[in-house]
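What follows is a short report on a single structure.
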Amino acid sequence: MGQTLTEKILEDHLVEGTLETGEEIGIEIDQVLTQDTTGTLVWLQFEALGLDEVQTEIAAQYCDHQTYQFDFKNTDDHRFLRSAAGTFGAHFSRPGNGICHNVHKENFAAPGKTMLGSDSHTPTPGGLGELAIGSGGLDVAVAMGGGPYYIEMPEVVNVRLEGELPEWSTAKDVALEMLRRLTVKGGVGKIFEYTGPGVESLSVPERTTITNLGTELGATTSIFPTDEKTKDYLARQGREDVFEDIGPDEDAEYDDEIVVDLSDIEPLIACPSMPDNVVPVREVAGETVEQVIVGSCTNGGYEDILPTAKMLEGREMDKKTEMIVAPGSKQASEILARQGWTAELMAAGVNFSEATCGACIGIGHVPASDSVSLRTFNRNFEGRSGIEDDNVYLCSPEVAAAAALKGEIVDPRDLADELGDLEAPGVELPEKYDGSKADLIAPDEAVDDDLVKGPNIGDVPLKDPLDAHLEGEALLKMEDNITTDHIIPATQDILMYRSNVPKLSEFTLSRVDDTFAQRALDSDGGFLVAGENYGQGSSREHAALCPMFLGIEGVLAQSFARIHKANLFNFGLIPLTISAEDYENIEQGDDIEIVDDVAEAVASGQEEFTVRVNDDWELTAELDASERERRILAAGGKLSLTKQQYENEGGAAPADD
Ligand code: MIC
Ligand code: SF4
């Protein structure tokens with residue numbers, strides 16, 4: 001039987017387990033990526049583990065999320081990250097050089113390699129045939145020290161692309177179509193492998209837009225085979241030498257198949273406030289738009305900004321609308337500037353930002369109250385833009401530029417009819433991606449050889465081993481699809497405490513209930529209750545670490561998002577699955593008691609737990625955990641467990657068993 005591309009790459013990197021769906025496997029990691037808001041904990045944990053040198057082929061530390069450095073704490077984080085990269089042997093990308101996924105794609109992504117990153121959009125280089133997975137920071141620290149990364153072998157789904165995209169339809173619309181069909185939880189436990197005749201019609205940047213947005217489906221990752229287009233892209237980046245011709249066998253067997261006919265795709269838009277709230281643009285046409293932003297790791301490349309420049313060239317934006325271009329990388333800005341496109345955009349009324357995540361997480365360009373903002377980003381979770389009750393729509397750069405011209409949401413095809421001389425810009429790559437590398441510091445150019453920690457950078461707290469008896473109040477009952485942005489928001493006022501867990505914890509779940517953190521501290525622990533897909537979105541391990549710091553013992557939810565569930569194990573919080581009926585019956589404030597001897601039951605592999613509610617009624621909750629995850633939970637988290645193992649093994653290979 002033939003193999004899928006996923007199976008081929010995993011088999012090449014397999015160090016434990018077999019490639020059976022649902023089985024836990026350990027894989028060797030070739031490349032790691034960290035960024036500024038998760039990276040500080042990565043390196044603090046790397047240090048706490050007693051590791052002293054990066055073991056992966058490539059490790060890259062980017063400073064991209066909070067590059068404006070509004071507070072010395074941000075700048076201290078950046079200085080610490082530079083010192084950690086220098087001390088331990090990672091590449092360092094300076095603030096303003098660009099968003100991690102964009103800069104990584106340009107400089108390091110390579111077909112056939114495995115990669116782990118402490119950011120949920122790490123799958124982006126899947127567009128070049130790299131198997132790239134997002135995870136919590138501790139998993140990245142361990143992988144960087146040479147340890148395997150463990151996951152449950154996902155289902156591999158074949159997304160067969162047929163036909164070619166019509167004019168004005170884009171890769172973003174393909175990704176939005178996937179979200180429309182499958183929803184934000186449709187990809188949990190799955191890897192999407194793109195195949196079929198439609199693949200060759202898409203350029204590498206278009207493919208990476210699709211793999212980037214695969215994260216919003218909850219997928220483990222998404223991947224494309226390589227071909228002449230991949231080779232050509234790498235050659236234009238001056239890295240043809242890393243090209244490998246890889247793809248699935250012709251008779252590869254997949255767990256499932258989805259067919260997407262590209263020729264049926266029309267301009268789509270995700271309405272507030274979930275990426276899967278997708279409709280055709282024409283259905284919401286006419287809505288006044290006050291702000292348009294083109295950028296982010298999804299659509300912030302040269303190839304995304306150029307179409308908007310072509311559309312705006314020689315025209316002026318509507319007077320009601322502001323438009324910001326936030327390039328994904330300095331490489332993109334530099335090439336656009338050299339070619340004169342920056343000036344064209346500016347002349348049309350556009351403002352340029354430095355290359356940063358910024359507005360994507362509410363840092364800068366916060367929309368006005370009661371206004372519509374159209375963004376080419378990947379997430380529009382409520383409040384993420386920096387204002388409660390926001391109205392953020394997600395769309396392609398073409399739809400964004402059309403709205404800037406018209407001052408309202410408009411299908412670009414209709415605008416083209418109206419204007420008569422507006423041509424579909426299509427996709428164009430530069431002859432050479434010849435941006436400067438001045439902002440990328442290689443390990444052999446490092447300027448530091450010791451860690452530099454400012455006063456806001458603290459230690460990572462540890463939890464005690466799991467107790468036999470767990471009891472406490474249901475401190476908060478939440479609905480479906482609670483994101484990690486709800487648990488630990490990423491806006492500027494809060495982001496600057498990412499390296500200071502006690503302070504950051506004060507903001508835990510503040511977006512759902514601002515009395516929560518204090519109530520948790522006062523009640524010395526307790527439980528969280530949630531509906532489906534708890535913890536979707538970002539990889540930030542703070543969303544598990546802060547509840548742990550506040551004394552939370554566990555989460556009872558109908559289902560969990562993949563990365564967050566791994567983070568709950570990593571920080572010693574028990575994730576228990578409950579039925580929809582039991583979820584309905586539990587009330588906030590109820591007393592929750594796990595009747596079993598929890599420490600014993602977790603260690604012995606018990607799957608069903610009896611939970612007594614208010615000493616009145618009982619429910620059965622399930623623990624779906626591998627042996628390794630049970631050991632982590634029992635030890636009070638992965639940091640404690642891995643530390644013990646390193647000590648016992650005298651610093652030997654950091655496997656989790
Ligand atoms: C996001 O898009 O939500 C972030 C901010 O990039 C996060 C990482 C973080 O919380 O620092 C992610 O996607 O993992
Ligand atoms: Fe940055 Fe937004 Fe991409 Fe996250 S999704 S890496 S915040 S641009």
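Only a predicted model underlies this, so the values are computations on that prediction, with no experimental measurement involved. Numbering of ligands and ligand atoms starts at 1, following listing order.
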Quick one: does ligand 1 sit under 4.0 Å from the side chain of A490, the backbone, both or neither, non-hydrogen atoms only?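 Neither; nothing of A490 gets under 4.0 Å from ligand 1.
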I'd like to know whether ligand 1 has H542 as a neighbour, heavy-atom separation below 4.0 Å.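 Contact check H542 vs ligand 1: negative.
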Flag H121 as yes if one of its N/O/S atoms falls below 2.8 Å of atom 2 (Fe) of ligand 2, otherwise no.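 It does not; every qualifying atom lies at 2.8 Å or beyond.
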If you measure every N or O of H65 against every N or O of ligand 1, does any of those distances drop under 3.5 Å?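 By distance alone, the answer is yes.
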Establish, yes or no, whether a centroid distance under 6.0 Å links the rings of F571 and F549.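 Between F571 and F549, the centre distance exceeds or equals 6.0 Å.
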So, do F80 and W43 have ring centers that fall under 6.0 Å from each other?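 Aromatic pair excluded; centres sit 6.0 Å or further apart.
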Top protein contact for [atom], by heavy-atom distance:
{"atom": "atom 13 (O) of ligand 1", "answer": "S120 OG, 2.5 Å"}
{"atom": "atom 1 (Fe) of ligand 2", "answer": "C357 SG, 2.3 Å"}
{"atom": "atom 2 (Fe) of ligand 2", "answer": "C360 SG, 2.3 Å"}
{"atom": "atom 3 (Fe) of ligand 2", "answer": "C297 SG, 2.3 Å"}
{"atom": "atom 11 (O) of ligand 1", "answer": "T37 OG1, 2.6 Å"}

Against heavy atoms of D119, which atoms of ligand 2 measure under 4.0 Å?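 Reading through ligand 2 atom by atom, the close ones are 6 (S).
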Numbered atoms and elements of ligand 2 in range of N378, under 4.0 angstrom, heavy atoms: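 The atoms of ligand 2 under 4.0 Å from a heavy atom of N378 are 5 (S).
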Quick one: do [X] and [Y] make a salt bridge, cutoff under 4.0 Å?
{"X": "D139", "Y": "K638", "result": "yes"}
{"X": "D390", "Y": "R384", "result": "no"}
{"X": "R498", "Y": "D77", "result": "no"}

On the 0 to 90° scale, with breaks at 30° and 60°, tag the Y194-F224 ring pair as parallel, tilted or perpendicular.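 Ring orientation, 0 to 90° scale: parallel.
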Aromatic plane relationship, H564 with Y534 - under 30° parallel, 30 to 60° tilted, over 60° perpendicular: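 Geometry flag for H564 against Y534: perpendicular rings.
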Of all the heavy atoms in H101, does at least one lie under 4.0 Å from an atom in ligand 2?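 Flag set, H101 near ligand 2.
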Can Q66 be said to touch ligand 2, with heavy atoms closer than 4.0 Å?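 Not so, Q66 does not reach ligand 2.
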Considering all heavy atoms, the nearest V142-L49 contact: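 Smallest interatomic distance, heavy atoms only, reads CG2-CD1, 4.0 Å.
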Nearest heavy atom to [atom]: which of [options] does it belong to?
{"atom": "atom 1 (C) of ligand 1", "options": "H101, R379, R498", "result": "R379"}
{"atom": "atom 7 (S) of ligand 2", "options": "R375, E216, H65, R540", "result": "H65"}
{"atom": "atom 14 (O) of ligand 1", "options": "S539, G137, A543", "result": "S539"}

Atoms of ligand 1 close to R384 [distance to a heavy atom under 4.0 angstrom, numbered from 1]: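 So the atoms of ligand 1 that pass are 1 (C), 2 (O), 3 (O).
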D119: numbered ligand 1 atoms lying under 4.0 Å from its heavy atoms: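 Going through ligand 1 atom by atom, the ones under 4.0 Å from D119 are 4 (C), 6 (O), 7 (C), 8 (C), 12 (C), 13 (O), 14 (O).
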